[in-house]
Amino acid sequence: MVELVVQKYGGTSLQTTGRMAEAADRIIKETKRGSQVIVVVSAMGRTTDDLTTLAGQVSSCPPAREMDLLLSTGEQVSCALMAMALKAGGVEAEALTGPQAGIITDFSYGDAVIKEVDPEPVRSRLKEGKVVIVSGFQGCPGGHEVATLGRGGSDTTAAVLAGALKADRCEIFTDVDGVYTADPGTITGARKYEQLDYESLSALAELGASVVHPRAAAAAEAWQIPLVVRSSLTEQTGTTILPGTWSPCSFPVIGVTSETGLSSFSLHEGADRREIGREWKNGLCPWKAVQHVKNRLYRIVVRNEEAPHTKSLLSRFGGRPDTGRALVHVIFRSKEEKQKAGSFMRDLPYTQDCFMVETQPHVWSMDVPERHRVNICQALHDRCMEKEAAPISAAH
Ligand SMILES: Nc1ncnc2c1ncn2[C@@H]1O[C@H](COP(=O)(O)OP(=O)(O)O)[C@@H](O)[C@H]1O
Ligand SMILES: N[C@@H](CC(=O)OP(=O)(O)O)C(=O)O
């Protein structure tokens with residue numbers, strides 16, 4: 001039976017035209033195995049950052065619509081080049097922008113959500129025997145508009161397309177050979193998962209493991225599409241995320257993650273615990289974490305972009321943002337595992353100017369200065385790993 005495979009290549013896998021040619025060879029090999037292939041591409045290397053810098057040079061507050069028009073071009077360049085590379089390799093291919101590929105979004109420029117996919121444009125080209133290359137990270141909110149899905153959004157394009165077209169699997173090609181217990185780029189001793197369940201992947205992705213976008217993890221789970229995270233630089237098998245409730249081991253910790261680009265507010269005066277709690281529960285503030293530290297001191301952590309809005313909401317408490325903050329998280333399998341681990345999380349090094357905060361019941365979180373983030377993650381990861389002899393698969 002012919003398999004339908006979606007392959008997504010991230011910016012790190014398309015950094016140069018040389019890398020793009022390697023990706024094209026891999027796609028050609030997949031077609032030679034007899035598969036139908038849909039390819040989703042991100043912008044080459046750091047193109048999205050470069051385009052953002054360009055916008056900043058002409059405007060201190062670029063309009064969201066034009067910003068999306070600008071940023072969406074990065075993926076279109078990769079898409080057109082990839083189709084050319086494939087054709088040069090003797091494979092029939094056609095490049096489509098997100099809107100041309102039938103990806104319909106809402107109107108939230110810069111953070112659009114895919115509402116629907118018209119499978120026809122891609123399906124008809126597959127029927128013609130073509131490899132279909134789709135620009136990731138973008139869709140059409142209506143008319144002839146284009147909206148982008150937020151940073152890292154190409155993963156979501158791939159997972160949603162895989163679901164809508166009922167693909168047999170969705171492969172995310174990146175610069176690491178799978179999903180690890182911590183960022184293998186910065187944390188020594190991070191261990192690779194050979195297999196993982198959707199829930200654990202989502203937990204890691206939502207709390208900062210940038211290897212897969214959280215919306216992609218959620219979409220793969222919703223459609224029950226097998227997801228493979230693997231390296232475009234090696235032939236290693238990667239991490240497979242499969243339907244079912246399979247859990248890789250009895251290891252109590254799923255991983256250690258961190259989030260950057262945050263600001264914290266310390267609220268002293270007149271802060272009423274119940275009032276703060278009400279704001280938090282009502283979701284009026286998109287707060288990432290909140291904590292009653294002691295007596296009348298509260299910490300509230302928000303993304304830098306939300307700091308001005310939060311400051312005005314909390315003005316009656318006199319909160320001032322402290323920038324350059326990060327959150328570090330130890331994600332446990334359950335609330336009970338977190339409670340059991342309580343004692344071994346104490347007495348960490350680097351705790352000056354750090355605050356324990358509440359995020360989710362099964363997650364131990366701390367608000368830390370961004371400059372200490374990696375050291376603190378390393379210490380936490382070491383501590384979690386020393387508790388477990390051989391929890392996952394061998395890696396690194
Ligand atoms: N738990 C984790 N497992 C694997 N990689 C991780 C994890 N947390 C963070 N990363 C980082 O995610 C990076 C890949 O994501 P990204 O840079 O967005 O790649 P791409 O451009 O391919 O989308 C890796 O280089 C790695 O440093
Ligand atoms: N190019 C966009 C979208 C994306 O998904 O990129 P990547 O796959 O390289 O994370 C970004 O940089 O955010």
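Remember, it's 1-based here, ligands and their atoms both numbered in the order they're listed.
N304 and S263 form a side-chain donor-acceptor contact under 3.5 Å, judged by distance and modelled atom types alone. Y180 and D177 are linked by a side-chain donor-acceptor pair at a separation below 3.5 angstrom, with hydrogens and angles left out of the test. Residues Q352 and H372 bring no donor and acceptor atom of their side chains to less than 3.5 Å of each other.
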One line per pair, note the atom names and distance for all nitrogen or oxygen contacts under 3.5 Å between ligand 1 and the protein.
residue: ligand 1; atom: 1 (N); partner: Y180; partner atom: O; Å: 3.0
residue: ligand 1; atom: 3 (N); partner: Y180; partner atom: N; Å: 3.0
residue: ligand 1; atom: 12 (O); partner: S210; partner atom: OG; Å: 3.3
residue: ligand 1; atom: 19 (O); partner: T174; partner atom: OG1; Å: 3.1
residue: ligand 1; atom: 21 (O); partner: G11; partner atom: N; Å: 3.2
residue: ligand 1; atom: 21 (O); partner: T12; partner atom: N; Å: 3.2
residue: ligand 1; atom: 21 (O); partner: T12; partner atom: OG1; Å: 3.3
residue: ligand 1; atom: 22 (O); partner: T12; partner atom: OG1; Å: 2.9
residue: ligand 1; atom: 22 (O); partner: T174; partner atom: OG1; Å: 2.8
residue: ligand 1; atom: 23 (O); partner: K8; partner atom: NZ; Å: 3.2
residue: ligand 1; atom: 25 (O); partner: D175; partner atom: OD1; Å: 2.7
residue: ligand 1; atom: 25 (O); partner: D175; partner atom: OD2; Å: 3.2
residue: ligand 1; atom: 27 (O); partner: D183; partner atom: OD1; Å: 2.6
residue: ligand 1; atom: 27 (O); partner: D183; partner atom: OD2; Å: 3.4

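Among residues at least two apart or in separate chains, side chain to side chain donor-acceptor pair (under 3.5 Å) pairs with a member in residues 152-165 are K8-D155, S42-S154. Residue pairs that meet the side chain to side chain donor-acceptor pair (under 3.5 Å) test with at least one member in residues 57-74, sequence neighbours left out, are R65-E145, D68-T148.
No option in L196, V256, V212, T181 other than L196 meets the side chain to side chain contact (heavy atoms under 4.5 Å, CB included) test with L204.
In terms of modelled atom types and a separation under 3.5 Å, the side chain of R325 and the main chain of D367 share a donor-acceptor contact.
Every protein residue with a heavy atom nearer than 4.0 Å to ligand 2 is included here: K8, G10, G11, S42, A43, T48, E75, F137, R151, G152, G153, S154.
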Q) What do the steps show when you test I27 against M82 for side-chain contact (heavy atoms from CB on, under 4.5 Å), and what is the final call? A) CA-CA 10 Å; I27 297 163; M82 181 60 87; 3.9 Å; yes
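Taking all atoms of both residues into account, the shortest heavy-atom contact from A158 to V6 is O-CG1, 3.8 Å.
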